[in-house]
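Take a look at the structure below.
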Amino acid sequence: MPEVSRTDLHRLQSRLAALATIGASEGGGITRLALGDADREARQLVLGLMRELELEIRVDRVGNVFGIRPGIEEGPVVMMGSHLDTVRDGGPLDGSYGVLAGLEVLRTLDDAGIRTRRPLAVAVFTNEEGLRYAPDMMGSLVFAGGLDLDQALATVGEDGSVFGRELERIGFAGPHAPGSIPVHRYLELHVEQGPVLDDEHAVIGIVEGVQGISWTEILIEGEANHAGTTPLRRRRDAGYAAACVARYVRDLAQLEIGGDQLATCGVLELEPGAVNVVPARARLTVDLRNSRDDELKLAERFLDDFLSTLEYDEQVRTSTRRLARTEPVAFDADLVGLVEEVVTELDYPCRRMISGAGHDAQWMARVCPSAMIFVPSLGGVSHSPREATNPEHLEAGANVLLEAVLRAAD
Ligand SMILES: [Zn+2]
């Protein structure tokens with residue numbers, strides 16, 4: 001195989017800058033909610049780049065866009081990709097970087113006159129952020145068969161719009177059945193959106209998986225009573241019980257489970273909510289996360305056990321409701337190993353890690369061996385206009401993607 005020139009940082013940066021003007025506000029944030037006018041404009045910009053590269057363009061019925069570059073042989077594609085939609089007042093890199101770096105890889109191969117054995121593709125997945133239409137990662141979820149197409153098209157957005165009609169309005173209701181492109185390997189390059197790489201001065205994160213999430217709502221019922229006349233031993237204090245839960249989940253994460261277990265009590269509401277009344281009711285939520293499903297299940301059980309003890313100790317009644325649960329995803333060990341081999345050869349400081357956020361790659365992992373490559377987010381900031389990555393790190397990520405794709409395609 002001929003020596004491959006590296007990706008062109010300036011070309012990549014100028015395309016990122018052009019894309020960042022679409023949906024930009026005066027405050028510096030970028031808002032491209034899924035299937036809005038700015039999303040359409042961003043998609044059109046990327047379609048233009050795909051046409052320049054003479055890719056075969058396919059748009060599927062959920063609006064996912066694929067640009068395919070033929071290989072020497074026909075067959076399943078080695079796919080790169082990410083998304084173009086953003087949160088409100090998001091940054092220039094989340095999603096955009098993965099798509100544009102994928103196109104940069106193809107441009108570099110064109111310039112070097114390299115044709116891979118397998119075909120290559122760059123994907124733009126629809127509605128990754130899930131702000132306007134739930135659930136998030138909808139395009140890749142439908143592609144992977146995890147959500148029925150008609151159900152996705154019928155989704156009513158937070159603004160009352162219907163997904164399928166908006167998709168037609170912006171001209172991206174394509175003819176192809178989602179999932180009809182056979183995929184050999186999927187590799188997604190993304191900014192970390194957390195502080196780990198930046199803190200450790202690492203340049204590349206070799207992502208081994210995505211952590212699982214378990215959301216529980218807890219209702220606690222006690223008895224309202226006078227704060228001045230009710231002795232402590234006679235109280236059925238829902239507020240105190242709720243505070244015990246909030247305190248406990250930190251111990252649960254730190255002491256009882258350990259490892260990378262996380263626990264957050266994000267909502268805590270008391271009724272009647274008066275300064276001189278013992279609370280009668282409390283509503284709180286617990287967010288548990290772990291990259292290992294056995295540990296996540298154990299954390300859920302410990303929480304249940306704690307609530308039983310609490311009922312007895314504080315003479316309150318508790319009830320729980322599962323709000324959401326996604327299992328952890330482990331990426332393909334061989335593909336993760338291939339990425340690590342490339343990073344080691346290119347001599348970038350790196351670490352293996354788990355993604356704290358959800359990504360399209362976690363649904364693609366159902367379809368084919370998949371993995372992710374992270375680059376540092378300065379200060380760990382993302383979903384913010386202040387989202388940034390050092391240019392040399394953007395370049396490093398694109399070079400790792402280039403080399404990993406070359407190996408996966410031959
Ligand atoms: Zn993203």
Side-chain angles (χ1 to χ4, degrees), residues 12 15-16 19-20 22-24 29-36 38-39 42-43 45-46 62-66 79-104 122-144 186-198 204-207 209-211 213 289 326 329 331 353-365 370-389 393-394 397-398 400-401:
L12 176 59
R15 285 175 180 168
L16 281 166
L19 186 53
I22 301 175
I30 298 164
T31 305
R32 290 195 300 262
L33 300 189
L35 313 189
D39 187 16
R43 286 160 171 266
L45 182 143
V46 165
V62 75
N64 296 322
V65 178
F66 304 94
M79 189 179 280
M80 302 166 274
S82 201
H83 60 98
L84 295 174
D85 65 318
T86 70
V87 294
R88 278 193 189 82
D89 274 323
L93 299 172
D94 179 0
S96 302
Y97 173 52
V99 172
L100 293 181
L103 293 173
E104 176 56 33
V122 173
V124 174
F125 288 109
T126 299
N127 186 31
E128 195 273 345
E129 298 289 0
L131 239 72
R132 192 176 178 204
Y133 304 100
D136 54 1
M137 298 174 272
M138 191 186 267
S140 50
L141 183 60
V142 173
F143 188 90
Y186 178 74
L187 264 174
E188 183 165 350
L189 174 63
H190 206 283
V191 287
E192 183 202 334
Q193 303 184 275
V196 174
L197 295 174
D198 193 35
I204 298 290
I206 300 152
V207 188
V210 181
Q211 63 187 357
I213 300 174
R289 300 187 190 221
T326 56
V329 175
F331 287 137
M353 61 189 300
I354 294 291
S355 173
H359 295 288
D360 292 310
Q362 75 191 66
W363 295 122
M364 290 305 289
S370 300
M372 291 189 78
I373 302 159
F374 277 175
V375 294
S377 297
L378 282 174
V381 176
S382 184
H383 283 183
S384 157
R386 292 187 296 117
E387 174 185 84
T389 297
H393 297 165
L394 293 175
V400 171
L401 182 67

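First listed ligand is number 1; within each ligand, the first listed atom is number 1. A quick note: this is a predicted structure, and the numbers were derived from the prediction, not measured. Computation of the quantities below employed the complete heavy-atom set of this structure, encompassing side-chain atoms and omitting hydrogens, waters and symmetry-equivalent molecules.
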Worksheet item: Aromatic ring centroids of Tyr97 and His393 under 6.0 Å?
Response: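 No, the ring centres sit 6.0 Å or more apart.
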
Worksheet item: With distance as the sole criterion, is a donor-acceptor pair present between the side chains of Thr126 and Arg43 under 3.5 Å?
Response: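 Arg43 and Thr126 do have a side-chain donor-acceptor pair below 3.5 Å.
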
Worksheet item: How long is the gap from OG on Ser377 to CG on Leu197, to the nearest 0.5 Å?
Response: 8.0 Å

Item to complete: Drop me the distance from Ser82's OG to Leu93's CG, to the nearest 0.5 angstrom.
Response: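 Rounded to the nearest 0.5 Å, the OG-CG separation comes to 11.0 Å.
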
Worksheet item: So, for Val99 and Val124, which heavy atoms are closest and what is the spacing to 0.1 Å?
Response: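 Scanning both residues completely, I find the closest heavy atoms to be CG1-CG2, 3.9 Å.
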
Worksheet item: What class does the angle between the rings of Phe143 and Phe66 fall in, given that below 30° is parallel, 30 to 60° is tilted and above 60° is perpendicular?
Response: tilted

Practice prompt. Take the Zn ion (ligand 1) and tell me which protein N, O or S atoms are nearer than 2.8 Å.
Written response: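 You should have found His83 NE2, Asp94 OD1, His190 NE2.
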
